[in-house]
Amino acid sequence: MGAEEGLRIADELVFGVANRYLTNLEREIFRGAWEGRTYDDIAESSGYRQYTVQYVREQGANLFYLLSQALGESVAKASFRAALERYAAGFRSNGSLPQSDRFTQEFTDARSSPLELDPNFVGREPDLAELEDLVNRGARMILIQGDGGQGKTTLARKYLDMQELDVYLDLYMATETQNVTPVESVVEEWLRGDFNEEPGREFGINLERLRRKLRDENQRIGILIDNLESALDRYGKFIETHRRYIDLLRMLADQWCAQSR
């Protein structure tokens, strides 16, 4: 199986888990990882030099997390290719892999809810109901707080997966403060990869462009920011080098509060 065939399968698998297709950056990461290239090489050769290697690495980790959920086994950069080939082998009895919609349907029939495979999610129905209640009462930004290992990310992803979103923006922030991706790069990638719009040079302009995209009443849009505390100091305030995240959060809060009036 070649890289492009594997990419098509991965695209459908991610859609089945996250209700979205791969971003341009995720496609470049997939192709590079398939060929055994390093993240440094992927960042350098794919035209994403404006992003830190750490950001490309974080997006790769998120991609392999989604593939793990879809495949029902833990995969990483070094092991995902073999896992995809094993998965594809299950469809080769007729001499070819299924195509497009038929592939999605067979995937859905075989794994009706991939996230249900996570044994840590059992018994979280009350938490899902609480999130739904908050949204029904007008909440547009929700903070899920707790100690590590309690399944906060899994809960948030599961809830968003249930919403039949048109656009799903997610950001997995590095656990080490020094490796946190600049918010400018995050907004640029959301514009380029999820809305197919080339970003400008100024952060304020890009933030306004993102605001306009979020105003689209014909689209249901969800955003997940995971591990935000990495950008905070011990007092819960943004450290100086990442204070511009405040501008993003303020824009999101103002945007959705305005829509809910």
Side-chain angles (χ1 to χ4, degrees), residues 1-37 39 42-43 45-48 51 55-92 94-118 157-158 160-172 189-198 213 219-224:
M1 182 169 66
E4 293 307 309
E5 186 177 38
L7 181 59
R8 179 178 65 80
I9 295 174
D11 208 26
E12 297 288 353
L13 287 171
V14 168
F15 184 84
V17 170
N19 198 33
R20 66 169 178 83
Y21 290 111
L22 297 175
T23 66
N24 292 335
L25 177 55
E26 287 171 334
R27 290 172 177 273
E28 293 299 328
I29 291 171
F30 182 96
R31 292 188 180 100
W34 187 274
E35 297 169 0
R37 291 154 50 200
Y39 280 117
I42 294 171
S45 63
S46 63
Y48 285 87
Y51 302 134
Y55 180 66
V56 176
R57 190 185 304 277
E58 290 168 9
Q59 295 303 299
N62 185 62
L63 170 61
F64 298 127
Y65 169 84
L66 293 175
L67 288 176
S68 296
Q69 295 298 308
L71 292 168
E73 62 175 287
S74 178
V75 300
K77 183 171 177 286
S79 61
F80 82 101
R81 179 173 175 174
L84 274 180
E85 289 175 339
R86 288 195 301 271
Y87 181 78
F91 289 103
R92 293 188 184 279
N94 294 327
S96 64
L97 286 171
Q99 300 292 323
S100 191
D101 293 341
R102 187 165 70 87
F103 176 76
T104 302
Q105 185 59 51
E106 291 188 8
F107 167 75
T108 302
D109 291 344
R111 303 177 184 273
S112 59
S113 183
L115 286 176
E116 296 288 353
L117 296 172
D118 188 347
R157 288 181 183 276
K158 179 63 175 177
L160 289 172
D161 288 341
M162 295 168 59
Q163 303 310 303
E164 299 182 353
L165 300 170
D166 298 299
V167 179
Y168 178 12
L169 308 177
D170 60 347
L171 168 63
Y172 176 80
E189 175 55 23
W190 281 351
L191 286 172
R192 181 184 289 110
D194 295 281
F195 293 106
N196 198 30
E197 177 169 330
E198 192 63 26
K213 293 295 183 181
Q219 288 190 313
R220 288 172 53 83
I221 301 173
I223 300 177
L224 171 61

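Predicted, not measured: the structure shown is a model, and the values here were computed from it. Any value given below was found using the heavy atoms of this structure, including those in side chains, with hydrogens, waters and symmetry copies removed.
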Tell me, please, which residues at least two apart from Lys77 pass salt bridge (Lys or Arg N to Asp or Glu O under 4.0 Å).
-> none
How far does CZ of Arg27 sit from CG of Leu63, to the nearest 0.5 angstrom?
-> 11.0 Å
Output for pair (Trp190 CH2, Ile221 CD1), nearest 0.5 Å, gives 11.0 Å
Quick one: does Asn24's side chain have a donor or acceptor within less than 3.5 Å of a partner on Gly193's backbone?
-> no
N-O pairing of Glu197 and Arg192 below 4.0 Å = no
Short N-O contact, Glu85 and Arg81, less than 4.0 angstrom | yes
Can you name the residues that form a salt bridge (Lys or Arg N to Asp or Glu O under 4.0 Å) with Asp194, not counting sequence neighbours?
-> none
Taking atom NZ of Lys158 and atom CD of Gln69, what is their separation to the nearest 0.5 Å?
-> 10.0 Å
Do the rings of Trp34 and Phe80 sit parallel, tilted or perpendicular, given the 30° and 60° boundaries?
-> perpendicular
For Gly222 against Leu160, the heavy-atom pair lying closest together | CA-CD2, 4.4 Å
Spacing of Asn196 atom CG and Thr23 atom OG1 [to the nearest 0.5 Å] = 11.5 Å
Could you walk me through whether Val17 and Tyr65 pass side-chain contact (heavy atoms from CB on, under 4.5 Å), step by step?
-> CA-CA 10 Å; Val17 170; Tyr65 169 84; over 6 Å; no
Which atoms form the tightest heavy-atom contact between Phe30 and Ala10, and what is the distance?
-> CE1-CB, 3.6 Å
CA sep, side-chain torsions, deciding dist, call: Leu171, Ile223, side-chain contact (heavy atoms from CB on, under 4.5 Å) | CA-CA 8 Å; Leu171 168 63; Ile223 300 177; over 6 Å; no
Indicate yes or no for a side-chain donor-acceptor contact from Asp11 to the backbone of Leu22 under 3.5 Å, with no hydrogens or angles considered.
-> yes
Does Arg86 reach the side chain of Glu73, with side-chain heavy atoms less than 4.5 Å apart?
-> yes
To the nearest 0.5 angstrom, please state how far the CD1 atom of Ile29 sits from the CD1 atom of Ile42.
-> 6.5 Å
Once you round to the nearest 0.5 Å, how far does CZ of Arg20 lie from CG of Asp170?
-> 5.0 Å
Do Leu84 and Leu13 touch side chain to side chain, with heavy atoms closer than 4.5 Å?
-> yes
Backbone N or O of Phe64 within a donor-acceptor pair of the Ser68 side chain at under 3.5 Å?
-> yes
Any idea which heavy atoms bring Ala18 and Asp161 closest together, and the distance?
-> CA-OD1, 3.7 Å
